[in-house]
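In what follows, a structure is listed as structure tokens, so that the remarks can point back to it.
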Amino acid sequence: MQKILKNLFLFFAIFSGITHASVEKTQSFEKTLSGVQSILYSVPIKARALLSELEKVELKQNQPLPLLVRYYLQKATVDLLLNDPESAITAANSGIELAKNDPLLKADLYLMQLRLGQARILQGEEALVLDQLDNLLSESKKLNNPSVTAEILLVKGEAYKAQNDYDVSMAAFMSSLEAAKATQDALLVERIASSLGGTLVKLNGFDKASLLLDKSYQFFRERKMSFNQLLVKLDMAELAKKQGDKKQALLEYKQALQIAQILGDGSHRFRINLQIADLLLQSGDTKSMARYLKQTDALRQRETIRYYISKYNYLKANQSLLSGNFQGAIDLVTPLITGQTELARLYRTEIDLYLVASKAHFGLGDYKNAYLTLLDYQNRFNNFSADEQIDNLERQQMLFNLEKLKAENQHLSWNNVLQTLELKTNEDKVEYLNVLVVAGVLATVVATLAALWINRRRARWGKIANTDSLTGLYNRRYLSSQLDILKSGMANDGDPVCCLLLDVDHFKKVNDTHGHPVGDKVLTGIAELFKNNLRRNDICSRVGGEEFMLLLPSSHLEQAQLIAEDLRTRISELSFMTEQGDEFSVTASFGVSAVDSNQSLSDIYSEVDKLLYRAKQNGRNRVESSGQNSSDNSTEQAAEDASSMSDKFSQLSRGIRRLKFRFAQHFS
């Protein structure tokens with residue numbers, strides 16, 4: 001018995017020791033991950049080293065699943081920061097495999113899929129990534145996590161930026177920023193703001209870009225987040241260069257280079273040295289240019305982006321030219337020029353290779369080839385300059401259109417802007433492909449197709465300007481223009497026109513009780529009812545918060561009354577759902593009036609608004625028309641005299657809301 005007790009004691013002692021050791025390893029693993037998280041955006045190379053040590057020593061041990069997933073998420077992130085997409089893809093796939101079957105790790109799973117998408121963007125697969133991001137954004141809505149939503153929209157903006165769709169990229173970043181502000185995560189907000197600033201630089205929105213970048217740089221500097229400081233500095237240098245301030249651009253690049261050297265970031269050191277060498281070449285400081293260019297030679301093999309490779313080749317060719325090695329310059333440039341013939345569009349440095357070749361031929365006394373190459377350079381440079389000017393004009397137009405979209409309606413969010421622009425982008429892509437097909441068959445109709453494309457684009461913007469973004473119905477501006485057309489028909493043909501004005505009863509109570517999203521659903525539901533039940537020629541518009549106005553061509557007052565009564569009944573039969581799943585319904589009051597050809601829209605509105613007010617005073621959920629007899633008027637007067645103080649306040653509140661809505665539409 002004593003021996004058995006001794007064995008049991010020994011077993012428990014061993015088990016306790018093993019458990020204690022396992023807990024210690026887990027705590028050590030978690031502590032290291034927290035340390036990596038704190039330096040992830042400050043010193044990514046050190047973060048990668050810490051993660052590598054974990055993999056060698058502790059990752060092979062049985063760690064809890066959440067910690068393993070967190071490890072792979074951090075590893076994928078740091079690989080992306082260090083421009084290593086292949087390693088990031090491997091880490092992200094490992095993390096996705098671990099997290100996909102655990103419902104508690106949904107947020108980590110979405111972030112892992114985002115890292116996978118970011119890695120593929122670096123590999124040039126933006127179109128594929130955008131399709132995946134749309135699905136991911138739809139799935140993540142169930143999670144109701146603003147942080148995840150902001151991250152997805154941030155990557156979406158990066159993908160559009162990689163495709164040079166800067167207007168859609170800006171809208172994605174703005175939507176991401178709106179979502180991030182609900183998280184109280186200051187780092188996430190500034191990461192998005194700095195990305196937005198970089199996009200505004202591309203769009204020539206210099207003032208806004210400068211404010212955003214300065215603020216982001218101060219934020220990252222105070223927190224000693226060196227890597228983010230580096231990225232912002234590069235955007236600030238690009239901003240100074242686009243503004244023509246080469247001295248400031250050179251200063252910004254040199255400060256960025258110091259940060260990259262501290263971080264040990266070879267990829268960014270290569271690119272920054274190239275930018276500095278290019279600016280020094282333009283300013284005539286060839287001695288300093290050669291020194292910076294020499295530092296890029298050992299780092300050249302790491303670069304995969306065509307823009308930086310072309311800049312490197314251009315600078316090396318100029319170095320040979322400046323040193324009098326004309327044959328060396330020709331030997332370097334000739335195969336590069338030959339390889340460019342199949343490229344659809346060239347960078348400025350690729351075009352300048354023709355000029356270098358011309359100068360080299362001239363230096364060797366080969367004047368014929370020098371002249372022919374110079375002609376080739378001039379033709380290509382003229383085309384490039386024209387394209388660049390068009391790009392600048394289009395970018396200015398993009399900024400204007402984005403502001404116009406945002407101001408079009410006070411309820412329009414940046415998510416709506418993003419969806420509108422994505423739809424426009426997809427339509428443009430289809431249209432562009434059609435133009436290419438037709439151009440390949442019959443080149444003579446290219447000019448006609450281009451004109452049609454421009455007109456259709458104007459029509460799309462015209463539709464956006466005349467449409468209420470929430471309901472999809474027309475707005476007051478469009479209603480006014482159509483009224484002029486209808487009055488012309490009345491004057492010429494005697495065609496009768498009637499006007500309906502309706503207001504949702506107690507709509508403020510719906511918003512206050514169930515929330516504005518539910519109120520928006522009520523408005524869109526009523527709008528959908530109009531679209532499905534009105535005649536093709538009838539014109540329906542939203543003229544106030546919960547007010548709708550209809551113009552009914554070829555309709556006498558009696559017909560208009562019947563239409564109003566039918567719509568009133570159908571509205572009362574609609575069923576809506578609160579966020580808690582409870583059903584409710586609403587009613588509407590109508591005013592109906594015949595339109596006179598001498599009346600303005602304001603006159604018509606004033607008349608039919610009085611009838612609507614009479615319907616409100618007579619109990620709501622009813623139709624009042626200008627054709628009703630005087631007894632109705634006396635009833636109205638009696639009801640008006642008997643109205644309570646609360647009804648008067650309700651009428652005043654409704655008038656104020658209508659005035660706000662009119663101001664918003666007027667200034668948009």
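What's counted below: heavy atoms across the whole structure, side chains too, no hydrogens, waters or symmetry copies.
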*Below 4.5 Å, heavy atoms only, C-beta onward: do L188 and E190 meet side chain to side chain?*
no
*Rounded to the nearest 0.5 Å, what's the gap from CG on L196 to NZ on K161? Could you check?*
9.0 Å
*N/O donor-acceptor pair under 3.5 Å between D352 side chain and L355 backbone*: no
*asked:* So, taking the atom named CZ in F206 and the one named NZ in K242, what distance separates them when rounded to the nearest 0.5 Å?
replied: 5.5 Å
*Quick one: pull up CG in L299 and OH in Y312 and give me the separation to the nearest 0.5 Å.*
9.5 Å
*If we only count heavy atoms from C-beta on, is the I89 to Q123 side-chain gap below 4.5 Å?*
yes
_Over 12 non-hydrogen atoms of neighbours within 6.0 angstrom of CD in Q327_ = yes
*With a 4.5 Å limit on heavy-atom distance, are the side chains of S194 and L231 in contact?*
no
*asked:* Looking at R300, is its backbone amide N or carbonyl O close enough to the side chain of D297 to form a donor-acceptor pair, meaning the two atoms are under 3.5 Å apart?
replied: no
*Check the pair L213 / V201 against side-chain contact (heavy atoms from CB on, under 4.5 Å), numbers first and verdict last.*
CA-CA 10 Å; L213 293 174; V201 172; 4.1 Å; yes
*asked:* Please check if the number of heavy atoms outside D207 that lie under 6.0 Å from its CG is greater than 12.
replied: no
*What are the two closest heavy atoms between L332 and A317, and how far apart are they?*
CD2-N, 3.5 Å
*Do R269 and Q295 have side-chain heavy atoms sitting under 4.5 Å apart?*
no
*asked:* Could you check whether any side-chain N or O of S480 sits under 3.5 Å from a backbone N or O of R477, counting only pairs where one atom can act as donor and the other as acceptor?
replied: no
_Nearest 0.5 Å, please: how far is CG in L321 from CD in Q319?_
11.0 Å
*Any side-chain heavy atom of V232 sitting closer than 4.5 Å to one from F220?*
yes
*If the plane angle is over 60° it's perpendicular, under 30° parallel, otherwise tilted; pick one for Y347 and Y307.*
perpendicular
_Testing the basics here: between I337 and A357, what is the closest heavy-atom pair and its distance to 0.1 Å?_
CD1-CB, 4.1 Å
*May I ask you to decide if A171's main-chain N or O and S175's side chain share a donor-acceptor pair within less than 3.5 Å?*
yes
*Go through the structure and list residues passing side chain to side chain contact (heavy atoms under 4.5 Å, CB included) with R223, not counting sequence neighbours.*
F219, M225
_Side-chain touch Q163/L130, heavy atoms, less than 4.5 angstrom_ = yes
*Ignoring hydrogens and angles, state whether a donor on the side chain of D366 or N369 is under 3.5 Å from an acceptor on the partner side chain.*
yes
*With distance as the sole test, does S288 use its side chain to make a donor-acceptor pair with the main-chain N or O of D285 at under 3.5 Å?*
no
*Heavy atoms, side chains only, cut-off 4.5 Å: are L133 and L114 in contact?*
yes
*asked:* If we count only N and O atoms by modelled type, under 3.5 Å, do the side chains of Q132 and Q113 hold a donor and an acceptor together?
replied: no
*Between A91 and A76, which heavy-atom pair has the shortest distance, and what is it?*
CB-N, 3.8 Å
*Can E178 and F173 be said to form a side-chain contact (heavy atoms from CB on, under 4.5 Å), step by step?*
CA-CA 9 Å; E178 283 185 356; F173 285 138; over 6 Å; no
*Are E222 and Q218 close enough that a side-chain donor and a side-chain acceptor fall under 3.5 Å?*
no
*With S358, which of D376, L353, T373 fulfils side chain to side chain contact (heavy atoms under 4.5 Å, CB included)?*
T373
*With rounding to the nearest 0.5 Å, note down the distance linking CG in L281 to CG in L322.*
6.5 Å
_Quick one: does any side-chain atom of S138 pair with a main-chain N or O of D134 as donor and acceptor, under 3.5 Å?_
no
*Return the minimal non-hydrogen interatomic distance between P44 and V78, and the atom names on each side.*
O-CG2, 3.0 Å
*Please find out if less than 6.0 Å separates the ring center of Y367 from that of F362.*
yes
*Please confirm whether the backbone N or O of S195 pairs with a side-chain atom of T199, one donor and one acceptor, at under 3.5 Å?*
yes
*Locate the shortest heavy-atom distance separating G95 from M112; write the atom from each residue and the value.*
CA-CE, 3.6 Å
_Gap separating the NE2 atom of H361 from the CD1 atom of I330, nearest 0.5 angstrom_ = 4.5 Å
*Is there a donor-acceptor pair closer than 3.5 Å between any side-chain N or O of N318 and the backbone N or O of Y314?*
yes
*In terms of side-chain heavy atoms, does Q275 have a donor or acceptor partner in K241 at a distance below 3.5 Å?*
yes
*asked:* Distance alone, cut at 3.5 Å: any donor-acceptor contact between the side chains of N164 and Y166?
replied: yes
*Chi angles and distances behind the side-chain contact (heavy atoms from CB on, under 4.5 Å) call for L257, Y292*: CA-CA 11 Å; L257 183 59; Y292 281 100; 3.9 Å; yes
_Using a strict threshold of under 4.0 Å (side-chain N to carboxylate O), is an ion pair present between E151 and R191?_
yes
*Side chain S283, main chain L280, donor-acceptor under 3.5 Å*: yes
*Would you mind reporting whether Q378 and L375 have side-chain heavy atoms less than 4.5 Å apart?*
yes
*When you measure from the side chain of D84 to the backbone N and O of L80, does any donor-acceptor pair fall under 3.5 Å?*
no
*What do the steps show when you test H268 against F227 for side-chain contact (heavy atoms from CB on, under 4.5 Å), and what is the final call?*
CA-CA 10 Å; H268 280 101; F227 187 80; 4.1 Å; yes
*Over all atoms of both residues, closest heavy-atom pair of L137 and I152*: CD1-CG2, 3.9 Å
*For R306, does the CZ atom have more than 12 heavy-atom neighbours from other residues, nucleotides or ligands under 6.0 Å away?*
yes
